[in-house]
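Keep in mind that this is a model prediction, so the values were computed, not measured. The chains referred to below are lettered A, B, ... by the order of the sequence lines, with proteins before strands, and numbering in each begins at 1.
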Amino acid sequence: MFKEFKGLNLPQIDKEILEYWDNSQIFQKSIDQRDANQPFVFYEGPPSANGMPGIHHVMARAIKDIFCRFQTMKGKRVERKGGWDTHGLPIELSVEKELGITKEDIGKSISVEEYNDKCRETVMRYKDKWDAITKQMGYWVDLENPYVTYTNEYIESVWWLISQLYQKGLLYKGYTIQPYSPAAGTGLSSHELNMPNAYQEITDISAVAQFKVKGEVNTFILAWTTTPWTLPSNTALAVGKDIRYIKVHTFNRYTKEECFVILAKDRFSSYFSEQQPDLQPDQMKAGNQPIPYIEIVGEYTGRELEGIHYEQLLSYVIPEGKAFEVILGDFVTTSDGTGIVHISPTFGADDFKVAKLNGIAALTVPDVNGNPMPLVDKQGKFVSQVTDFAGRYVKDYGQKEERSVDTDITIKLKTENKLFVSEKYVHSYPHCWRTDKPILYYPLDSWFIKTSSLKERMVQLNQTINWKPASTGEGRFGKWLENLQDWNLSRSRYWGIPLPIWRSADAKEEICIQSIAQLKMEIDRANVALGIQQSVPADLHRPYMDEIILVSANGEKLFRELDLIDVWFDSGAMPYAQWHYPFENKEKFEQNFPADFIAEGVDQTRGWFYTLHAIGVMVFDSVAFKNVVSNGLVLDKNGQKMSKRLGNGIDPFSTIEKYGADATRWYMISNAQPWDNLKFDLSGIEEVSRKFFGTLYNTYSFFALYANIDQFKWSSAEVPLEKRPEIDRWVLSELNTLIHLVDTDYATYEPTNATRKIMEFVDENLSNWYVRLCRRRFWKGEMSEDKLAAYQTLYTCLNVVSRLMAPVAPFFADWLYRNLQEGALEKGPESIHLALIPVSDSGIIDHALEERMAYAQRISSLVLSLRKKEKLKVRQPLQKMLIPILNDNFEKQVEGVKDLILAEVNVKEIEYVSGAGNIIQKKVKPDFKSLGKKLGKNMKAVADALASLSQEEIQQIEKSGSFETSVSEEIIQLTREELDIVPVDIPGWLVATDAGLTVALDIQLSDELIAEGMARELVNRIQNIRKSSDFNVTDKIAIQLEALDFVKPAVEKYASYICSETLAEKLDVVEKGDGGEMLDLPEGEIWIKVTLS
RNA sequence: AGUCUCGUAGCUCAGCUGGUUAGAGCACUACACUGAUAAUGUAGGGGUCGGCGGUUCGAGUCCGCCCGAGACUACCA
């Protein structure tokens, strides 16, 4: 027996199937039963259990799950090791917040040890929630043996990778300009800079300074800056090599001194007004209005200006080395300022780079230890050497002062004939999220990986990766690789993997540790050399690692570099570290590298996707993954980002509990392509669950109901295809076409297309056409070959659909599959997830048949619309319909589905009208696609000519097979194949037309037709009575019907029809009696009595 | 600021390499059907395909600019 149900309850199905999976170890079996030599390698990007799982995690994980399940069903062994990302700033920040401390307190009011213990404890806070959502949504991943990034094994593997980079010479320590918060006394990560409200509008003084060219009289180069406080640190000026510059003769508006100033030609009009050849100094005004000038005296390219020396603008400190030269910078533009950029290597990232490239010195002073430091200290104050402004803050840190340093500097420049223009400038500037004070860009020491040196190889290997969507790989990721900067590995934090590098105090000697064994050896050596007792700590985190002192070959003490490794390196190391490679599992690793497939959100493009790729290329010269799906964001239904603040988040738990995991997953996948953002709307889930799951459930219920009545079991042999009726062969053809398409979609990572095609098949083909048209085959009569064919066909469809949908809707698919197993010919695997995806049999696909059926559907639809227009019920039979045919093939095709059409629209016969006669009115259109090239400009004229042809002329074309016209004296010959002749009307008939298909309907009613209509009407009413009387569909009945004239012809002629339709054993026409009920028929009321016999 | 994605009916989305009446589902309205029935069918309204320009005989589709939404990367002086 097939199980029958009272209604569809998806959450209930989830529960039952989950329990079943658990009890029967289905997930484990789905791996174990597959050939270990047929692996499909998947990497799980580790989530952080520090936060609650959200609905977007369900999205990302659904995608992962779909392809892993699909590949399992393709026979692949898909191991899925789970993982947890346990380090990183978000965790530290949340701990700080909870403890009510800041970074500066760590090591003071709380020991590093206590702090890290707290982090370790916090990081798995929501693990049980994550486990729960993983299970409830049906995401299969191995949570029993996950990799955890804070374990010693994981750390050891990371060290090994770092040491590999070190040995390849890819690791270096350098200083770069980084965001730094003087107020908080700490460097900031870019993550912190991207926090909400980090960028704030502030008003600064911008200044165009005059840099005096050496060896020329009164000639100045103009450079614009929004940070006048960096001017004392200026050591170079950058120009664009192809930008054109001009020299302008004018006067300084503050000092009235004559001057020649150089700036970009494109920027000229932003500063200067009209030419005044006889301009006098006292005409100059010190406002912001445009500046008059005398004349333009020269023009140069940037390249020509290169190498010009100029005098130091503010000489508080004299640099050591090359300085005060014009250099080329590719970042220079003419969209702002003067097209000439003031360079202060200590306070700008671009400045630093370009200065380094050109050998330009930075302006520094010695600090207390004699090491160079910039002219601004770490509190954000000028050092004493900048005498005029010593001790003053360069930005607004809440100090009380009359004027800002920037203002005072511009005043000083003004009086010294060094300022060309100054004005207020409003721009957005990054602020420290904690102190709300502006940050500085400040030189800080860091360890870097020289990723830039492997840029080409990374780009090259990236081209072999299949990105979904491709644009992310080429654009967002590819472009990013092309502009790759060195990877700043250092984090001056506490909870993370310590950098395994020890250095001597003078930085001359260093060692990079690659394993615990090596560490032990070095410790032992150091112990002997120093006569102390140290050992490898049980925990490889700070502070324990910091305490270890090693010894160099020369006997120098080596101290650990205090930095941690960027957490992104942790996750990028997972292909190796998850197996504790190379210390264990060498084979396992080799089998599982690179991954066949990974998937995460687009936000990981420069995160995990990048670090995986970078480490793979740098250490193994290989891609780390072959296929990658990057999904978009999950937004609320209005397209807003979900956030706690707006309260528009969707709780994944309650959603799944209410609608079931399958409907939720199906909705997310089918509604939009994964890489497009999803506007998440709960009503969309409802729609999917009604329209798709409801329909499929109904189809199964229908099948189960009748299969049980007929005791159908697929025990007998299959009815051969050629013995099945047209409609069976059709639906099986469509089914096999579907298999092929869906298989391809899954294989090419197009899950949305797969689900849409499955939905369309279930809705349109299976439910609304096959089942609807075949209903009576299931309920009529005893078991016959035709009936058996119907059962087998429907069974096959349901069975195949369950497999095709299994990757996306794992619960419902397994439920359906297992229900169907009750009547299987051969018992399949116990779960659908142990089964294989069906294989499309091209021998069953019959395109002509599919085309035929499409005609049947369209013709039926036309006839029904005509009936509708004339208010003729489908129950009322009609004599005939007319179909104009324009070629033999069409007639043959329609003839093949004639019975279906006639039954569907309740018409007795089809008459074909050949195109030759003049009954049909036609229209001619050119075949634009093929004629476009041939006709070109004349296309339109020809189309117009064809549109104005008379019926006779069209017939002439059909007869002769060609058409000739002239356009502007040019003769144009067209063949029949280049023209599209379609019927549009049959005068005198009731006609409907749709895209070249025309149907005419005869609506004359004979007495006979009326009688038959009445018979059907009666059948319909009697069925209703059966139903309202709660009779079983198999109960036999007896009917008494009042002898009224309008039913007599129907009963006389169609008694046996009525009886067989309604399972009546007796139909008596009698006088009105007791009981029974009154029927309301179009012709009047009639008494009827229906009883069980 | 740069890079990328997206913008088609009230809503969610199709629309392949350009081809002449721009489609589907939902929602709405009306009618029908009634042995799948909290289903189903038919019909209707609803679109300057974000805007402007260009290429072309022909543009939702190709190109340029702009506007809007979003993501990522960013001290452009």
**Q.** Output field: ring centroids W487(A)/Y610(A) closer than 6.0 Å
**A.** yes
**Q.** Residues R772(A), E904(A); criterion salt bridge (Lys or Arg N to Asp or Glu O under 4.0 Å); working and verdict
**A.** CA-CA 10 Å; R772(A) 196 162 58 80; E904(A) 176 71 3; 2.9 Å; yes
Q) Under the side-chain hydrogen bond (donor to acceptor under 3.5 Å, both in side chains) test, which residues partner D266(A), sequence neighbours left out? A) T334(A)
**Q.** Atom-to-atom span, CZ of F477(A) to C1' of U5(B) - whole angstrom
**A.** 17 Å
(Q) How many whole angstroms separate atom CG of L1001(A) from atom C1' of U42(B)? (A) 14 Å
Under 3.5 Å, which protein N or O atoms sit close to an N or O of nucleotides 30-34 of chain B? Give each pair with its distance.
unit_1: C31(B); atom_1: O2'; unit_2: K868(A); atom_2: NZ; d: 3.4
unit_1: C33(B); atom_1: OP1; unit_2: R875(A); atom_2: NH2; d: 3.1
unit_1: U34(B); atom_1: OP1; unit_2: R875(A); atom_2: NH1; d: 2.5
unit_1: U34(B); atom_1: OP1; unit_2: N1020(A); atom_2: ND2; d: 3.2
unit_1: U34(B); atom_1: OP2; unit_2: R875(A); atom_2: NH1; d: 2.2
unit_1: U34(B); atom_1: OP2; unit_2: N1020(A); atom_2: ND2; d: 3.1
unit_1: U34(B); atom_1: O5'; unit_2: N1020(A); atom_2: ND2; d: 3.2

Q. Taking all atoms of both residues into account, what is the closest heavy-atom pair of A236(A) and I360(A), and its distance?
A. CB-CG2, 4.0 Å
Q: Return the set of residues passing ring pair (Phe, Tyr, Trp, His ring centres under 6.0 Å) with Y706(A) (not counting sequence neighbours), or none when no residue passes.
A: F702(A)
Q | Straight-line distance of D681(A) CG to E686(A) CD, nearest 0.5 Å | A | 9.0 Å
Q: Step through it carefully: locate the ring centre of F609(A), locate the ring centre of W480(A), and say whether they are under 6.0 Å apart.
A: no
Q: Please list, chain by chain and in numerical order, all residues satisfying side-chain hydrogen bond (donor to acceptor under 3.5 Å, both in side chains) with N765(A), sequence neighbours excluded.
A: none
**Q.** L862(A) CG to A43(B) C1', straight-line distance once rounded to whole Å
**A.** 13 Å
Q: Kindly state which residues belonging to residues 766-777 of chain A come within less than 4.0 angstrom of RNA chain B, counting heavy atoms of the residue only, listed by number.
A: S767(A), N768(A), V771(A), R772(A), R775(A)
Q: For nucleotides 8-14 of chain B, just jot down a letter per nucleotide in 5' to 3' order: B, S or -, based on protein non-hydrogen atoms under 4.0 Å.
A: ----SSS
Q. With a 4.5 Å limit on heavy-atom distance, are the side chains of F778(A) and V771(A) in contact?
A. no
(Q) Both V332(A) and L635(A) contact RNA chain B. Which one's nearest nucleotide lies toward the 5' end? (A) L635(A)
(Q) Run the side-chain hydrogen bond (donor to acceptor under 3.5 Å, both in side chains) test against K468(A) and tell me which residues pass, sequence neighbours left out. (A) E750(A)
Q: Could you tell me which non-hydrogen atom of S233(A) sits nearest to which non-hydrogen atom of P345(A), and how far apart they are?
A: O-CD, 4.0 Å
Tabulated below should be each protein N or O lying under 3.5 Å from an N or O of nucleotides 25-28 of chain B; please produce it.
unit_1: G25(B); atom_1: O2'; unit_2: E687(A); atom_2: OE2; d: 3.0
unit_1: C26(B); atom_1: O4'; unit_2: E687(A); atom_2: OE2; d: 3.3

Q. Below 4.0 angstrom from OP1 or OP2 of G19(B), is there any side-chain N or O of K925(A)?
A. no
Q.
Applying a 4.0 Å non-hydrogen cut-off, can you work out what S701(A) is touching in the nucleic acid: base, sugar-phosphate, or nothing?
A. nothing
Q: Grab the CG-C1' distance between N753(A) and A24(B) for me, whole Å please.
A: 14 Å
Q) A74(B) C1' sits how many Å from I439(A) CD1, rounded? A) 11 Å
Q. Between S452(A) and D486(A), is a side-chain hydrogen bond (donor to acceptor under 3.5 Å, both in side chains) present by the stated rule, with each step listed?
A. CA-CA 5 Å; S452(A) 55; D486(A) 284 350; 2.5 Å; yes
Q) If you look at every heavy atom in D406(A) and T227(A), which pair is closest and at what distance? A) OD1-C, 4.3 Å
(Q) Could you work out, with side-chain hydrogen bond (donor to acceptor under 3.5 Å, both in side chains) as the rule, every residue matching E4(A), not counting sequence neighbours? (A) N708(A)
(Q) Does either side chain, that of T226(A) or that of D204(A), offer a donor lying less than 3.5 Å from an acceptor on the other one? (A) no
Q) Base, sugar-phosphate, or nothing for F347(A), non-hydrogen atoms under 4.0 angstrom? A) base
(Q) Which residues pass the ring pair (Phe, Tyr, Trp, His ring centres under 6.0 Å) test with Y245(A), not counting sequence neighbours? (A) none
(Q) For a quick check under 3.5 Å, do N906(A) and R875(A) share a side-chain donor-acceptor pair by atom type? (A) no
Q: Provide, to the nearest angstrom, the distance between the CG atom belonging to L696(A) and the C1' atom belonging to A39(B).
A: 14 Å
Q) Just how far, in rounded Å, is P of A39(B) from CZ of F692(A)? A) 17 Å
Q) What are the two closest heavy atoms between S344(A) and D351(A), and how far apart are they? A) N-OD2, 2.9 Å
(Q) In terms of relative ring orientation, are F693(A) and W666(A) parallel, tilted or perpendicular, with 30° and 60° separating the classes? (A) perpendicular
Q) Where does RNA chain B form stems of at least three consecutive Watson-Crick or G-U wobble pairs, each pair having both distances below 3.5 Å? A) B:1-7 with B:67-73, B:10-13 with B:23-26, B:28-32 with B:40-44, B:50-54 with B:62-66
Collect all protein-nucleotide pairs involving nucleotides 63-69 of chain B in which both atoms are nitrogen or oxygen and the distance is under 3.5 Å.
none

